[in-house]
Amino acid sequence: MGPGGRVGAGCGGLRLCGAPGALWALGLGRALPRPRPRPEGKARYSLWAAGGRQAPAPRGARGLRSSNPFTRKQEEEWRRRNRSALAYIAAAAVGMVGMSYAAVPLYRLYCQATGMGGTTGAGHGSEQIESMEPVRDRVIRVTFNADVHSSIQWHFRPQQSEIYVVPGETALAFYRAKNPTDKPIIGISTYNVIPFEAGQYFNKIQCFCFEEQWLNPQEEVDMPVFFYIDPEFAEDPKMAKVDLITLSYTFFEAKEGQKLPLPGFQ
């Protein structure tokens, strides 16, 4: 063995230099160790998790929270925005539910103010009624209709089939209802006017609509309707060809939680 770990043979002999390695093993007649094959499907990180011991995962491994402060700040901002969006959505849902409950009475008030959907208007003050000037050259025939819903076992009909009125003149009509059953029944009615456009001029001074009517077994009552047609009816060009108006009532059985159909759309 020479300096530096060199081993020499005679002329033409084998020369091995350096530290023990592959050539050294061959020179000594030893077999090289075979590399162990890597199992298929094993992750690249099996080296730091070998032997069943838990070791920290390398940076950037998928599924782990990043340690970048900018990324954490962005994630927190997204969470805050998501919470704000959910709060707005919940508030909008609550608002829509509240508006659905308030829609019917609000729409009814609107119809009574504008006459939309054939809804008759509320009567004006007594001073205005007394000061009205009848329009004698516009005679209007008013017919009356009565219906009952299948939920109520009442007999309901108008006492007169028609009357003739002029705009600016009050009129009185009657309906009759009877409970032919052997138990008390509470009824409530809705109404409309045809044609619908005339509803804004048809004003009721006294009416039984939207009020609960209690009838005992076999009881029969008369229900008055005191109304007038506004004198402005004669000045509206849309009403120039209207000489027939129908006032219609429909009775329903009054039950808790029941919603009556809107006037003009039953």
Side-chain angles (χ1 to χ4, degrees), residues 104-126 128-130 132 140-165 167-196 198-230 233 244-266:
V104 173
L106 291 177
Y107 181 81
R108 186 173 297 160
L109 292 175
Y110 173 76
C111 288
Q112 289 178 349
T114 62
M116 181 179 176
T119 307
T120 63
H124 299 295
S126 58
Q128 183 175 352
I129 295 175
E130 293 175 358
M132 286 190 311
I140 303 170
R141 181 164 64 102
V142 180
T143 61
F144 302 90
N145 180 66
D147 294 302
V148 291
H149 192 261
S150 58
S151 63
I152 188 171
Q153 299 177 0
W154 274 13
H155 296 160
F156 179 56
R157 67 183 188 277
Q159 289 291 81
Q160 63 289 309
S161 60
E162 62 182 28
I163 61 175
Y164 290 87
V165 300
E169 184 179 60
T170 59
L172 180 64
F174 287 91
Y175 282 80
R176 175 168 293 182
K178 181 180 180 180
N179 177 13
T181 67
D182 56 355
K183 62 180 181 179
I185 297 178
I186 302 176
I188 189 170
S189 66
T190 184
Y191 61 88
N192 68 354
V193 170
I194 299 175
F196 293 157
Q200 58 182 322
Y201 300 109
F202 199 105
N203 294 274
K204 297 184 283 59
I205 303 172
Q206 182 181 357
C207 179
F208 55 87
C209 52
F210 295 113
E211 296 180 356
E212 292 186 352
Q213 308 291 330
W214 178 295
L215 291 185
N216 291 316
Q218 304 300 321
E219 184 179 4
E220 188 174 17
V221 296
D222 289 333
M223 301 177 180
V225 180
F226 193 29
F227 68 95
Y228 68 91
I229 297 176
D230 197 293
F233 176 91
L244 173 63
I245 295 177
T246 300
L247 176 62
S248 180
Y249 283 89
T250 303
F251 255 104
F252 300 81
E253 184 174 2
K255 296 180 180 179
E256 184 178 359
Q258 181 181 11
K259 295 182 179 180
L260 294 179
L262 296 175
F265 294 94
Q266 53 266 55

Calculate, to the nearest 0.5 Å, the distance between atoms [atom1] and [atom2] belonging to [X] and [Y] respectively.
{"X": "R176", "Y": "H155", "atom1": "CZ", "atom2": "NE2", "answer": "13.5 Å"}
{"X": "F202", "Y": "I194", "atom1": "CZ", "atom2": "CD1", "answer": "12.0 Å"}
{"X": "I140", "Y": "Y164", "atom1": "CD1", "atom2": "OH", "answer": "12.0 Å"}
{"X": "T250", "Y": "N145", "atom1": "OG1", "atom2": "CG", "answer": "7.0 Å"}

Test log, rule side chain to side chain contact (heavy atoms under 4.5 Å, CB included), inputs V225 and Y249: CA-CA 11 Å; V225 180; Y249 283 89; 3.8 Å; yes
Side-chain touch I245/Y201, heavy atoms, less than 4.5 angstrom: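 No, every pair of side-chain atoms sits at 4.5 Å or beyond.
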D222 and Q159, any side-chain heavy atoms less than 4.5 Å apart: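 Counting from C-beta outward, Q159 and D222 do come under 4.5 Å.
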What's the shortest heavy-atom distance between [X] and [Y], and which atoms?
{"X": "F208", "Y": "M223", "answer": "CD2-CB, 3.4 Å"}
{"X": "Y175", "Y": "L247", "answer": "OH-O, 3.2 Å"}
{"X": "G168", "Y": "M132", "answer": "O-CE, 3.5 Å"}
{"X": "F156", "Y": "A177", "answer": "CD1-CB, 4.0 Å"}
{"X": "E169", "Y": "Y228", "answer": "O-CB, 3.4 Å"}
{"X": "Q213", "Y": "W154", "answer": "O-CH2, 3.4 Å"}

Crowding at CD, Q153 (>12 non-hydrogen neighbours, <6.0 Å):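 No.
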Verdict with reasoning, S248 to D147, per side chain to side chain contact (heavy atoms under 4.5 Å, CB included): CA-CA 8 Å; S248 180; D147 294 302; 4.0 Å; yes
Donor-acceptor list for residues 181-188 side chains, cut-off 3.5 Å, not counting sequence neighbours:
residue	atom	partner	partner atom	Å
T181	OG1	N179	OD1	2.6
T181	OG1	K183	O	3.0

Sequence-distant partners of F226, side-chain contact (heavy atoms from CB on, under 4.5 Å), two or more places apart: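 For F226 the side-chain contact (heavy atoms from CB on, under 4.5 Å) partners, ignoring immediate neighbours, are T170, L172, I205, Q206.
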Verdict with reasoning, E253 to H149, per side chain to side chain contact (heavy atoms under 4.5 Å, CB included): CA-CA 8 Å; E253 184 174 2; H149 192 261; over 6 Å; no
Candidate pair T246 and T143, rule side chain to side chain donor-acceptor pair (under 3.5 Å), full reasoning: CA-CA 5 Å; T246 300; T143 61; 2.8 Å; yes
